[in-house]
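Structure first, commentary second.
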Amino acid sequence: MVRFRQVKSKLTLQNAYLIASREEARKQLAASIGYGHQLAQELAQDELQLDSVTTDHVKQAVYRIIDYIHLEVSEIRLARLLDEVKAELKLQDFTTPPQLIVQQNITHKSIQADVGKIKQLLVEAIVYIHAKNATNQPITIALEGATLGHKLDHMKNYLKKLAAIRFVLTTDATIPPPEEVYMISPIQTKSQSTKQETELALLEHLRIIDAHYGYAAIKEATTQVYVIPANVREVRAKVMERLRVPASSVPEELAHPLAVQLEKELFEKLQGTAVDLQVIKKALDTIKKYHGGTRRKSGEPFFTHPLSVALILLEYSSDQDAVVAALLHDTVEDTQLSLANIRAMFGNTAAFLIEKTTNLQDNIDRRVSLAEHETLSRLIYYEDPRAALIKLSDRLHNMRTIEGHPSLDKQKKIAYGTWIFFVPLALQLRFQYIARELKELSLKVLEK
């Protein structure tokens with residue numbers, strides 16, 4: 001009996017130490033986030049002293065250092081997620097365990113998210129509510145279908161809608177009525193994270209929701225509402241998980257025969273033009289570094305693709321910004337290099353052309369995946385024919401090398417999109433040879 005009491009006393013002390021350590025870590029995190037937001041506000045106030053390119057570059061650095069959260073996205077059935085939450089709760093040191101009532105009114109059977117972080121959020125939310133639940137009222141966990149909304153900069157009066165799951169945790173007798181659309185609002189989420197110490201326990205919840213491009217509404221001691229995309233990859237681009245991956249070129253890729261040949265052809269074509277070859281060399285070094293270690297499905301170094309795109313574009317234009325944008329057109333979508341970085345390195349025009357051709361909306365603190373019709377809508381209003389030429393050159397090279405894609409279904413999907421959109425676009429812009437080749441390559445695939 002004495003031995004048991006000693007062990008229990010030791011475990012109690014250890015638990016108290018862990019709780020105190022976690023609380024201290026939360027305070028330090030809150031202080032760091034508060035400092036980051038203060039710095040961002042100071043930058044906004046000092047825009048007369050700092051140009052917008054420098055300001056955006058610094059704001060982005062602050063976000064990546066302080067606010068950014070890496071996600072490990074996987075799929076889990078919601079029933080299993082709830083079972084694992086309940087199992088975690090059994091390991092908590094409750095004097096009186098919480099009473100849980102689960103309600104499900106949802107067609108989704110699973111969720112694609114960072115399962116570990118969502119489970120952490122739900123467990124700690126229940127622990128938090130229970131700690132403030134003096135009369136031990138039952139805690140209702142309600143799962144419901146919902147819709148998240150996100151506005152896109154380039155589409156007026158358009159709302160990107162995403163299937164979502166609403167998690168409500170409450171001790172109230174009634175569940176808050178659902179909203180028709182929950183607007184993704186990172187500013188709202190982050191602004192709540194710097195409040196009083198009594199809300200430190202909720203800080204990580206808000207960061208997790210923000211990382212999932214979701215929505216949070218917290219009525220401190222009674223009700224917490226979290227809305228999360230059913231599939232986070234529909235809105236948070238995979239490249240977000242590469243933001244802190246070191247970039248470096250790979251010697252074997254630099255010596256690849258195709259890479260050497262294409263680079264030689266590029267500089268031969270640029271001879272006699274007004275293009276600054278030092279700028280092109282800088283762009284080449286950039287794609288070799290940031291695409292380093294990535295290969296195409298056919299096996300060649302990935303940066304041979306933008307090299308090929310630039311060569312196609314040069315058959316129609318020797319504009320320096322267009323060539324630079326052709327070389328860099330995949331960096332924002334596939335690497336940690338951002339539009340703010342490109343703007344600082346290569347100027348506003350190159351960044352503008354890349355923005356028009358990428359399948360993402362790139363903001364200071366996040367990149368949003370665009371559906372195909374959303375990307376095409378932006379391209380329709382290209383405002384500059386060079387952007388359309390880059391996109392057409394990109395599609396032409398992808399169609400020329402489509403045999404390297406192992407999936408015939410994927411090949412046909414790409415070919416069909418080429419046939420219905422890119423062929424008419426090429427004709428509209430009077431790129432007759434591109435239109436003809438795209439048509440022939442599309443039909444070749446669609447007839448398989």
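Source: prediction; values computed, not measured.
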To the nearest 0.5 Å, atom CD1 of I139 lies from atom CG of L100 at 6.0 Å
Is any side-chain N of the basic residue among R233 and E241 closer than 4.0 Å to the acidic one's carboxylate O?
-> yes
So which heavy atom on V73 is nearest to which on Q112, and how close?
-> CG1-C, 4.1 Å
Ring geometry between F94 and H130 (parallel below 30°, tilted from 30 to 60°, perpendicular above 60°) = perpendicular
For Y68, is the NZ or CZ atom of R244 found under 6.0 angstrom from the centre of its six-membered ring and inside 45 degrees of the ring axis?
-> no
K282 NZ/CZ over F346 ring centroid, <6.0 Å and within 45° of normal = yes
Side-chain (T304) to main-chain (E300) donor-acceptor, under 3.5 angstrom = no
Main-chain N/O of R367 paired with Y213 side-chain donor or acceptor, under 3.5 Å | yes
Side chain to side chain contact (heavy atoms under 4.5 Å, CB included) between Q411 and L408: does it pass, once the steps are laid out?
-> CA-CA 5 Å; Q411 286 185 30; L408 180 58; 4.0 Å; yes
So, do H397 and H305 sit near enough that their side-chain heavy atoms are less than 4.5 Å apart?
-> yes
Would you call the rings of Y215 and Y182 parallel, tilted or perpendicular, where under 30° means parallel and over 60° means perpendicular?
-> tilted
With side chains defined as the heavy atoms from C-beta onward, is the minimum distance between D384 and L353 less than 4.5 Å?
-> yes
Work out which heavy atom in V232 is nearest to a heavy atom in A113; give both atom names and the distance.
-> CG1-CA, 4.2 Å
Evaluate the side-chain proximity of L121 to E124: yes if any heavy-atom separation is below 4.5 Å, no if none is.
-> no
Under 3.5 Å, is there a donor-acceptor pair between the side chain of R343 and the main chain of S338?
-> no
Look at the side chain of Q99 and the backbone N and O of N136, then say whether any donor-acceptor pair between them is shorter than 3.5 Å.
-> yes
Mark yes or no for whether Q361, through its side chain, and D153, through its backbone, hold a donor-acceptor pair below 3.5 Å.
-> yes
Using a distance-only test with no angle check, is there a side-chain donor-acceptor pair under 3.5 angstrom linking T418 and R395?
-> yes
Any K444 side-chain heavy atom under 4.5 Å of E440 side chain = no
If we only count heavy atoms from C-beta on, is the D394 to T357 side-chain gap below 4.5 Å?
-> no
Taking atom CD of E180 as the centre, report whether more than 12 heavy atoms of other residues, nucleotides or ligands fall under 6.0 Å from it.
-> no
Calculate, to the nearest 0.5 Å, the distance between atoms NZ and CG belonging to K391 and L389 respectively.
-> 13.0 Å
Would you say D365 and R64 make side-chain contact, with heavy atoms under 4.5 Å?
-> no
Any idea which heavy atoms bring P301 and R296 closest together, and the distance?
-> O-CG, 4.2 Å
From OG1 (T286) to CZ (F303), nearest 0.5 Å = 12.5 Å
Would you find a donor on one side and an acceptor on the other, under 3.5 Å apart, between the side chain of K412 and the backbone of K448?
-> yes
Go through the steps to decide whether L89 and V123 satisfy the test side chain to side chain contact (heavy atoms under 4.5 Å, CB included), and finish with yes or no.
-> CA-CA 7 Å; L89 288 169; V123 169; 4.0 Å; yes
Tightest non-hydrogen contact, residues H150 and V368, listed as NE2-CG2, 3.6 Å
Would you say R400 has more than 12 foreign heavy atoms packed within less than 6.0 Å of its CZ?
-> yes
Interatomic spacing from CZ in R236 to CG in D114 - rounded to 0.5 Å | 9.0 Å
Could you go step by step and tell me if L360 and S369 meet the side chain to side chain contact (heavy atoms under 4.5 Å, CB included) rule?
-> CA-CA 5 Å; L360 299 177; S369 292; 4.1 Å; yes
Rounded to the nearest 0.5 Å, how far does CZ of F302 lie from NZ of K297?
-> 9.5 Å
Between D172 and T223, do the side chains contain an N or O donor and an N or O acceptor separated by less than 3.5 Å?
-> yes
OG1 on T170 to CD on Q103, rounded to 0.5 Å | 10.5 Å
Atom of R386, atom of A322 and distance for their closest heavy-atom approach = CD-CB, 4.1 Å
Could you tell me whether D334 and R242 make a salt bridge, using a distance below 4.0 angstrom between a side-chain N and a carboxylate O?
-> no
State whether E72 and K117 are salt-bridged, where the test is any N-O pair (Lys NZ or Arg NE/NH1/NH2 against Asp/Glu carboxylate O) under 4.0 Å.
-> no
With L337 as reference, evaluate D362, I354, I342 under the side-chain contact (heavy atoms from CB on, under 4.5 Å) test and give the passing residue.
-> I342
Would you find more than 12 non-hydrogen atoms of other residues, nucleotides or ligands less than 6.0 Å from K238 atom NZ?
-> no
Do V423 and L427 come within less than 4.5 Å of each other through their side chains, counting heavy atoms only?
-> yes
Answer yes or no: does atom OH of Y158 have more than 12 heavy-atom neighbours from other residues, nucleotides or ligands under 6.0 Å?
-> yes
Report yes if some heavy atom in the side chain of I76 is under 4.5 Å from a heavy atom in the side chain of S110; otherwise report no.
-> no
Given salt bridge (Lys or Arg N to Asp or Glu O under 4.0 Å), test E84 with K90 step by step and report yes or no.
-> CA-CA 10 Å; E84 291 187 7; K90 289 180 180 178; over 6 Å; no
Side chain to side chain contact (heavy atoms under 4.5 Å, CB included) between E374 and M155: does it pass, once the steps are laid out?
-> CA-CA 8 Å; E374 293 163 348; M155 297 178 73; 4.0 Å; yes
Give the minimum heavy-atom separation between A388 and L425, together with the two atoms involved.
-> CB-CD2, 4.4 Å
Go through the side-chain N and O atoms of N359 and E333 and say whether any donor and acceptor fall under 3.5 Å apart.
-> yes
